[in-house]
Engineer: 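Structure incoming, see below.
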Amino acid sequence: MSKAIINANRSKGIINKNIYGQFSEHLGRCIYNGIYVDENAGIPHENGMRTDVVRALKDLHIPVLRWPGGCFADTYHWQDGIGPREGRKKIVNTFWGGVTEDNSFGTHEFLELCRQLGCEPYISGNVGSGTVQEFSDWVEYCNMGGQSPMADLRRANGREEPWHVKYWGIGNETWGCGGNMRPAFYADLCRQYATYLRAYDGAHPLCRIASGANADDYLWTKELMEIAGGFVDAVSFHYYTVPDSWEHKGSALNFSREAYFAALRRALRMDELVENHSRIIRQYQGERKVGLVVDEWGTWFDVEPGTNPGFLYQQNTMRDALVAAVSLNIFNNHCDTVVMANIAQLVNVLQAMILTEGGKMLLTPTYHVFEMYKNHQDARQLESYVETSLTGAAGENRVPNLHISASQSSDGTVLITAANLDDEQGAALDCALAGLGRIGSITGRLLSGPAGAHNTFDKPEAVRPAALEHIQTTADGFKAALPPCCVAAFEVRPA
Ligand code: AHR
């Protein structure tokens, strides 16, 4: 029996809903075909956005969507993607497959997608190959309400009202694909760009997000905070779960037990990374709070055999579901500093929510985790503890068998999300809730299956959540049996 304690007397604060953010890049079949379709493709759409994909994504209550990259962002010149479609410049997507980018999906289309999804846009601007003027004009184009050259251009392109885009990323991976800069150089550039990203309306302040470190490059965060911390609202970092090495990422579907636990161990490292970057930010932030944004995270495996290596298309199994579950638990439990996170990526790329093939689509196990966790958004994080034992393959890839987080919504409902990482042993959970008063009802949902279980276009519902049966109410909480390799979500309602 594993004891768990949810303590409603202690909280780190509200879980920023933006932790459940997503990322969509002009990469492979994420935007084109995955979200945005040609009107002659015979796929139902609204203003070019696939209705099946948008309908499914709306159930996730996506709070914020990052675009247009990624590495693509630092090659992107936004004026190529506005105005009549026939006149838009056709460029080469040099980072991702060398394919033609016809710019048919640009600023207006992205903001239309956000409207349909009901989410906030997060635009990553071009610092690597752009100019301060170009970036500043983009903000003016999106946000200026009165008369100005860019506001007039927007109106000429059919949009009267400004969109009031709040979230702006100042470059992407500027230590790598975004310019191969050194931290002090980027930090100075960041100050310069931040100066000219203007809020055009006092009622709509901007959130300026600095391009942050690669994984555990703490020196980057330190220099960035020291030099530019006073000019930005948040600092990002990127961390991907790669089981072995970048050279040997391994298959998304056919993996050994060793690779299963290696991926989970690497995913759990997110805790240490968030903790350490947060400490540095706190040390240098002064009076003004600077948030931490994990604007790229998720699994990165070899592409599916036979697919374009530049398109980063990979399948998605229960292993991915567990990576998502522990990562979201970690972000929830660091909600005092993590203000946003964006899993890579929305459709057909890396750890996607949805995979498509022509007019068909399927929901991945990762999608279901986001759906089961969605009520953590804007809820009050609750302190939680679970008794664990180590499980895993021999050697260094041992991980705790259980992982949890908990929150309480404004209506009093407590959501407890728990993952059993053990692929062979089930776990009996005995969960006590403190500081909550009398418990009314408890329900549970469960996503489970063998580590390699996944959905295909022939069997799109092989992995999907089911009701968790036989939850037993106790004097101070409940008991439930968790099968091996599962993600569970319990909703406890007050009496
Ligand atoms: O998400 C895929 C790529 O990973 C992004 O373009 C880049 O920022 C990162 O290296």
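Atoms within each ligand, like the ligands themselves, are counted from 1 in listed order.
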Engineer: Say whether N316 and H454, considering side chains only, have a donor N or O and an acceptor N or O under 3.5 Å apart.
Structural biologist: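 No, no side-chain donor-acceptor pair sits under 3.5 Å.
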Engineer: Assess the pair W78 and Y141: is the distance between their ring centroids shorter than 6.0 Å?
Structural biologist: yes
Engineer: Do E109 and R88 meet the salt-bridge criterion of a basic N to acidic O distance under 4.0 Å?
Structural biologist: yes
Engineer: Would you say the side-chain atoms of Y20 and N342 include a donor-acceptor pair closer than 3.5 Å?
Structural biologist: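 On atom types as modelled, these side chains do not qualify, holding no pair under 3.5 Å.
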Engineer: Got the residues with a heavy atom under 4.0 Å of ligand 1, by chain and number?
Structural biologist: F23, E25, L27, G70, C71, W96, N172, E173, Y240, E296, W300, Q345, L350
Engineer: Any salt bridge between R85 and D102, counting N to O under 4.0 Å?
Structural biologist: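 No, no charged N to carboxylate O under 4.0 Å.
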Engineer: Taking ring-ring contact (aromatic ring centres under 6.0 Å, His included) as the cut-off, I'd like each qualifying pair that reaches into residues 306-351, sequence neighbours left out, listed once.
Structural biologist: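 Every ring-ring contact (aromatic ring centres under 6.0 Å, His included) pair that includes a residue of residues 306-351, provided the two are not neighbours, is W297-F331.
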